[in-house]
Peer 1: 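So that we are looking at the same thing, I have put the structure below in structure tokens.
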Amino acid sequence: MASTNSYFRSVVTSHLETHPKLAYAFLATLAISATHYAITLALYDKAVHNKSHQKTPPLVPHFLPFIGNVPWQFAWSPIEFFKSSYYALLQHPVRIRFFTKELYIIQGRENVVAHLAQTSTSNTIFNASFLRQACAMSDKAVERLGSETEETPKYFERKYLAAAPLYAWSSSVIHRYLAGRSALQLSQRFENNLRARIEAHQALAVPEGVVLDNFLDFFINDVTAALLDAMCGKGLLERNPAFTGAFWAFCDNLPTFMKRMPRFLAPQAYNAREEAIAAVADWQTWASENFDAKTTPLDEDGDDPLWGSRFFRERFSTFVYDMGFDARDMASMELGFLFGASANVTMNTYWCAIDVFKDQVLLKDVRREVQACKTKDKRDLRFDISKLIQQPLLQAVFAESLRLRCHNMFIRKTTEAINILEWVIPKDRFVIAWSTPGQMDSRVWSGANDIHPVDAFWPGRFLKYTDKSESAQFSLAGTEGSWLPFGSGANLCPGRHFAKIHCIVTLAMMVESFDCDILAGPGDLRVDLSKFGMGVLGPSGKVAARLRRREIKD
């Protein structure tokens with residue numbers, strides 16, 4: 001080894017002696033970089049120790065003056081980056097510079113909560129990028145949605161963040177649809193659809209059950225289909241039976257679209273997206289042509305069998321008929337909504353099923369909670385849902401899976417100067433917060449003994465014992481700013497209640513109906529980091545499983 005190092009030094013020395021200009025340039029670069037780092041470090045320390053109550057987040061020290069901060073580890077291991085890097089230890093906002101761009105990174109749980117509570121920050125740029133790049137909406141339609149001069153179809157009092165009028169109005173409609181009585185009706189339809197699909201599943205028809213080469217197929221073909229039927233009625237899937245496959249391919253390739261990968265490098269992904277958009281457009285055109293306000297039957301909530309939900313019928317009428325949006329652009333918008341309403345919740349439910357079925361002790365305890373909520377005999381899949389979703393262990397499984405696998409990036413642009421506690425961020429700046437640092441902080445989730453590592457699945461993190469109860473109770477106390485799968489404050493996800501019902505009801509029906517062998521080792525259960533920052537991460541590969549009828553002993 002010593003001889004090798006000596007040889008290397010001699011080669012370098014010889015090369016520099018032969019090319020003195022290169023040597024001077026190299027030394028000058030080192031001197032400039034070192035000086036620049038020393039200056040930025042001094043300024044950083046001065047800003048951090050500033051006692052003022054109106055401080056500007058300091059610029060992170062860096063060596064390269066024209067390149068800025070290059071966190072290489074983030075590119076290949078973002079979770080480890082937030083667990084162990086310099087950034088993971090920071091408890092205050094910072095600025096980073098990357099070429100000519102400057103970003104404000106919010107660190108520390110109290111600062112993150114304060115950031116997410118802001119209502120004067122805008123997410124329009126993200127919405128526009130998602131609709132244009134991922135959902136293939138036309139530039140004209142995206143520009144209209146982001147225009148400050150467009151008038152909303154109806155007046156509403158409170159805007160959602162500092163969004164453009166149509167984004168704000170659309171968000172308020174989505175909030176209404178996914179909350180209150182509307183969400184209750186959606187949950188009931190989903191429950192009935194899923195029960196019918198599980199009771200008819202082929203795994204229950206043969207004693208040995210079936211082996212699924214990809215366990216995720218069950219969630220695509222049955223769980224997602226049950227949800228789509230609940231939201232859109234039967235028309236979407238009956239007219240387009242292959243939609244669930246195309247839709248999930250679209251969801252799975254979100255990074256492909258957001259990174260603007262050329263079509264020739266991912267033709268299957270782009271073809272799946274076109275197939276999904278065409279299917280949504282076909283369903284909506286068919287529904288609009290066949291719906292008659294005088295003759296089409298409506299239930300007490302205004303839902304009908306063609307559109308499924310009043311939500312879709314009224315959105316289509318407003319955007320297409322009243323405002324003149326193109327029907328294909330409307331299909332792109334609704335494809336984006338279906339992604340937001342189903343992709344993350346379905347993936348988290350998939351992980352919960354894996355975690356429960358591969359742990360026989362946990363499975364036994366989960367079944368005990370589920371059986372206590374049944375309303376009929378042992379083989380019937382009807383539950384007291386209000387009681388079911390309040391079961392401590394089921395809630396803990398749901399929450400722990402999200403903590404471990406849901407990694408969100410909250411990016412906003414300031415529309416005016418804002419204060420995040422004692423830190424000031426100027427107008428027209430991009431501000432980013434991540435859920436990962438808090439959710440992977442061992443000081444919050446593991447304690448001093450670290451018996452249950454922060455990167456391991458353990459529902460007990462959310463179970464607490466109190467003086468009033470002998471049994472453990474589900475609790476989120478003390479996790480504010482450290483558990484952010486649904487955001488917080490002004491960013492709180494409107495579908496969080498339905499997501500919980502979806503996951504727990506699906507899990508309850510599965511553990512009651514099936515015995516399941518997860519045919520995969522720990523290496524097969526790694527997450528796919530390509531979607532980091534975009535919600536619940538999927539598996540890095542296929543996970544096989546055997547489903548068979550559950551043997552219930554009297």
Peer 1: Measure across Tyr350 and Pro539 and return the closest heavy-atom pair with its distance rounded to 0.1 Å.
Peer 2: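 Looks like OH-CG, 3.6 Å.
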
Peer 1: Thr296 and Asp304: side-chain donor and acceptor closer than 3.5 Å?
Peer 2: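 No, because no side-chain N or O of Thr296 sits under 3.5 Å from a partner of the opposite role on Asp304.
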
Peer 1: Look up atom CD in Glu400 and atom CG in Leu463, then write down how far apart they are to the nearest 0.5 Å.
Peer 2: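 So the CD of Glu400 and the CG of Leu463 are separated by 10.0 Å.
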
Peer 1: Do Gln133 and Arg260 have a side chain donor and acceptor closer than 3.5 Å?
Peer 2: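 Per modelled atom types, Gln133 and Arg260 side chains form a pair under 3.5 Å.
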
Peer 1: Decide yes or no for His92 and Gln107: does some side-chain heavy atom of the first lie under 4.5 Å from some side-chain heavy atom of the second?
Peer 2: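 With C-beta onward as the side chain, the pair stays apart.
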
Peer 1: Can you list every pair that meets side chain to side chain donor-acceptor pair (under 3.5 Å) and has a residue in residues 285-295, with sequence neighbours left out?
Peer 2: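 Those involving residues 285-295 do not exist here.
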
Peer 1: Parallel, tilted or perpendicular: which fits the ring planes of Phe312 and Tyr177, with parallel below 30° and perpendicular above 60°?
Peer 2: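 Phe312 and Tyr177: perpendicular rings.
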
Peer 1: For Gln54 and Asn419, does a side-chain donor sit closer than 3.5 Å to a side-chain acceptor?
Peer 2: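 Yes, a side-chain donor-acceptor pair sits under 3.5 Å.
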
Peer 1: Hydrogens and angles aside, do Asp303 and Ser309 bring a side-chain donor and acceptor to less than 3.5 Å of each other?
Peer 2: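 Short answer, no.
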
Peer 1: CZ of Arg263: more than 12 outside heavy atoms within 6.0 angstrom?
Peer 2: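 For Arg263, atom CZ is crowded (more than 12 foreign heavy atoms under 6.0 Å).
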
Peer 1: Taking the side chain as everything from C-beta on, heavy atoms only, tell me whether Leu166 gets closer than 4.5 Å to Met323.
Peer 2: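 Touching, per the 4.5 Å side-chain cut-off.
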
Peer 1: Do Val431 and Lys413 make a side-chain contact, defined as non-hydrogen atoms from C-beta onward lying under 4.5 Å apart?
Peer 2: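 No; the side chains remain at least 4.5 Å from each other.
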
Peer 1: Hydrogens and angles aside, do Ser401 and Arg405 bring a side-chain donor and acceptor to less than 3.5 Å of each other?
Peer 2: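 Side chains of Ser401 and Arg405: pair found under 3.5 Å.
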
Peer 1: Does a donor on one side chain and an acceptor on the other come within less than 3.5 Å for Ser435 and His407?
Peer 2: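 No, no side-chain donor-acceptor contact under 3.5 Å.
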
Peer 1: Ignoring hydrogens, what is the shortest heavy-atom contact between Phe410 and Asn408? Give both atom names and the distance.
Peer 2: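 Residues Phe410 and Asn408, closest heavy atoms: CZ-CB, 3.7 Å.
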
Peer 1: Is it the case that the side chain of Ser138 and the backbone of Ala141 share a donor-acceptor pair, with hydrogens and angles ignored and the cut-off at 3.5 Å?
Peer 2: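 Side chain of Ser138 to backbone of Ala141: a pair is present.
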
Peer 1: Restricting to non-hydrogen atoms, name the atom on Ala136 and the atom on Ser332 that form the minimum distance, rounded to 0.1 Å.
Peer 2: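 Scanning both residues completely, I find the closest heavy atoms to be O-OG, 3.7 Å.
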
Peer 1: Is any side-chain N of the basic residue among Arg403 and Asp455 closer than 4.0 Å to the acidic one's carboxylate O?
Peer 2: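 Salt bridge: no.
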
Peer 1: Mind listing the closest non-hydrogen atom pair of Gln439 and Leu484 along with its distance?
Peer 2: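 Heavy atoms only, the tightest pair is OE1-N, 2.9 Å.
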
Peer 1: Any idea how Phe130 and Phe339 line up, ring-wise: parallel (<30°), tilted (30 to 60°), or perpendicular (>60°)?
Peer 2: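 Ring orientation of Phe130 relative to Phe339: tilted.
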
Peer 1: Taking the six-membered ring for Trp, are the ring centroids of Trp169 and Phe319 within less than 6.0 Å of each other?
Peer 2: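 Yes, the ring centres sit under 6.0 Å apart.
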
Peer 1: Using a 6.0 Å cut-off, check whether atom CD of Glu274 has over 12 heavy atoms from anything other than its own residue.
Peer 2: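 Enclosed.
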
Peer 1: Could you check whether the rings of Trp483 and Phe486 sit parallel, tilted or perpendicular, using 30° and 60° as the cut-offs?
Peer 2: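 Correct class here is perpendicular.
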
Peer 1: For Val223 and Phe190, which heavy atoms make the closest approach, and how far apart are they?
Peer 2: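 Heavy atoms of Val223 and Phe190 come nearest at O-CE1, 3.8 Å.
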
Peer 1: For Asn192 and Arg189, which I'm curious about, is there any donor-acceptor pair between the side chains at under 3.5 Å?
Peer 2: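 The answer is no; no qualifying pair exists.
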
Peer 1: Any side-chain donor-acceptor pair under 3.5 Å between Arg315 and Ser170?
Peer 2: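 A pair is found: one side chain offers a donor N or O, the other an acceptor, under 3.5 Å apart.
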
Peer 1: For the side chain of Asp299 and the backbone of Gly302, is there at least one donor-acceptor N/O pair under 3.5 Å apart?
Peer 2: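 It does hold such a pair.
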
Peer 1: Find the distance between CG (Leu402) and CZ (Arg496) and round it off to the nearest 0.5 Å.
Peer 2: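 Rounded to the nearest 0.5 Å, the CG-CZ separation comes to 13.5 Å.
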
Peer 1: Please report the shortest heavy-atom distance between Ala164 and Thr124, naming the atom on each side.
Peer 2: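 Smallest heavy-atom distance, with atoms named: N-OG1, 3.7 Å.
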
Peer 1: Does the pair Lys140 and Asp329 meet the rule for a side-chain contact (heavy atoms from CB on, under 4.5 Å), with working shown?
Peer 2: CA-CA 10 Å; Lys140 179 182 178 181; Asp329 284 328; 6.0 Å; no

Peer 1: Check whether more than 12 heavy atoms from other residues, nucleotides or ligands sit under 6.0 Å from atom CD of Gln390, and answer yes or no.
Peer 2: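 Yes, because the 6.0 Å sphere around CD of Gln390 holds more than 12 heavy atoms from other groups.
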
Peer 1: Which residue pairs pass the ring-ring contact (aromatic ring centres under 6.0 Å, His included) test with at least one member in residues 104-128, sequence neighbours excluded?
Peer 2: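 Passing the test, one end in residues 104-128: no pairs.
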
Peer 1: Kindly indicate whether the side chain of Ile125, heavy atoms from C-beta on, has any atom under 4.5 Å from the side chain of Phe430.
Peer 2: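 Sidechains of Phe430 and Ile125: in contact.
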
Peer 1: Report yes or no: is the cationic atom of Arg273 (NZ for Lys, CZ for Arg) closer than 6.0 Å to the six-membered ring centre of Phe257, at no more than 45° off its axis?
Peer 2: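 Yes, cation above the ring, under 6.0 Å and within 45°.
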
Peer 1: Do Glu102 and Arg97 meet the salt-bridge criterion of a basic N to acidic O distance under 4.0 Å?
Peer 2: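 Glu102 and Arg97: salt-bridged.
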
Peer 1: Quick one: are Thr56 and Trp423 in side-chain contact, heavy atoms under 4.5 Å?
Peer 2: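 The answer is no, as the side chains (C-beta and beyond) never meet within the 4.5 Å cut-off.
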
Peer 1: Side-chain contact, heavy-atom cut-off 4.5 Å: Trp434 with Ile106?
Peer 2: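 When only atoms from C-beta onward are counted, Ile106 and Trp434 do not touch, as no gap falls below 4.5 Å.
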
Peer 1: Tell me whether Glu480 at atom CD has more than 12 heavy atoms from other residues, nucleotides or ligands lying less than 6.0 Å away.
Peer 2: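 Not buried by this count: 12 neighbours or fewer within 6.0 Å.
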
Peer 1: Evaluate salt bridge (charged side-chain N to carboxylate O under 4.0 Å, His left out) for Glu314 paired with Arg310, printing each intermediate quantity in order.
Peer 2: CA-CA 6 Å; Glu314 293 185 348; Arg310 173 183 176 183; 2.7 Å; yes

Peer 1: Any side-chain to backbone donor/acceptor pair from Ser171 onto Tyr167? Under 3.5 Å, distance only.
Peer 2: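 A pair under 3.5 Å: yes.
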
Peer 1: Could you walk me through whether Phe462 and Trp445 pass the ring-ring contact (aromatic ring centres under 6.0 Å, His included) test, one step at a time?
Peer 2: CA-CA 9 Å; Phe462 294 90; Trp445 300 106; 5.2 Å; yes

Peer 1: Show your reasoning for whether side-chain contact (heavy atoms from CB on, under 4.5 Å) applies to Leu116 and Gln118.
Peer 2: CA-CA 5 Å; Leu116 296 181; Gln118 294 286 334; over 6 Å; no

Peer 1: Mind running side-chain contact (heavy atoms from CB on, under 4.5 Å) on Thr346 and His502 for me, showing each step along the way?
Peer 2: CA-CA 8 Å; Thr346 301; His502 175 290; 4.1 Å; yes

Peer 1: Starting at CZ of Arg328, measure out to CE of Met333 and round the result to the nearest 0.5 Å.
Peer 2: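 So the gap between those two atoms works out to 13.0 Å.
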
Peer 1: How long is the span from the SG atom in Cys493 to the CZ atom in Phe498, to the nearest 0.5 Å?
Peer 2: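 Reported value, rounded in 0.5 Å steps: 11.5 Å.
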
Peer 1: Between Asp384 (side chain) and Cys373 (backbone), is there a donor-acceptor pair under 3.5 Å?
Peer 2: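 Such a contact is absent between Asp384 side chain and Cys373 backbone.
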
Peer 1: Which is it for Phe383 and Met509 under the side-chain contact (heavy atoms from CB on, under 4.5 Å) test, yes or no, and what are the steps along the way?
Peer 2: CA-CA 9 Å; Phe383 307 96; Met509 289 190 183; 3.9 Å; yes

Peer 1: Do Glu191 and Ile385 have side-chain heavy atoms sitting under 4.5 Å apart?
Peer 2: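 Side-chain contact under 4.5 Å: yes.
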
Peer 1: Working to the nearest 0.5 Å, report the span between NZ of Lys55 and CD1 of Ile420.
Peer 2: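 Spacing of NZ (Lys55) from CD1 (Ile420) equals 13.0 Å.
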
Peer 1: Got Leu338 and Met231 here, is their nearest side-chain heavy-atom distance under 4.5 Å?
Peer 2: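 Yes, close enough: below the 4.5 Å cut-off.
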
Peer 1: Measure the spacing between CE of Met510 and CG of Asp222 and express it to the nearest 0.5 Å.
Peer 2: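 Those atoms lie 9.0 Å apart.
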
Peer 1: Less than 4.0 Å between a side-chain N and a carboxylate O, is that true for Glu512 and Arg382?
Peer 2: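 Glu512 and Arg382: not salt-bridged.
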
Peer 1: May I have the step-by-step check of salt bridge (charged side-chain N to carboxylate O under 4.0 Å, His left out) for Asp252 and Lys531, ending in yes or no?
Peer 2: CA-CA 9 Å; Asp252 199 40; Lys531 301 183 187 66; 3.0 Å; yes

Peer 1: Just to verify, which of Trp307, Trp283, Phe337 counts as forming a ring-ring contact (aromatic ring centres under 6.0 Å, His included) with Phe316?
Peer 2: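 Of Trp307, Trp283, Phe337, ring-ring contact (aromatic ring centres under 6.0 Å, His included) with Phe316 is met by Trp307 alone.
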
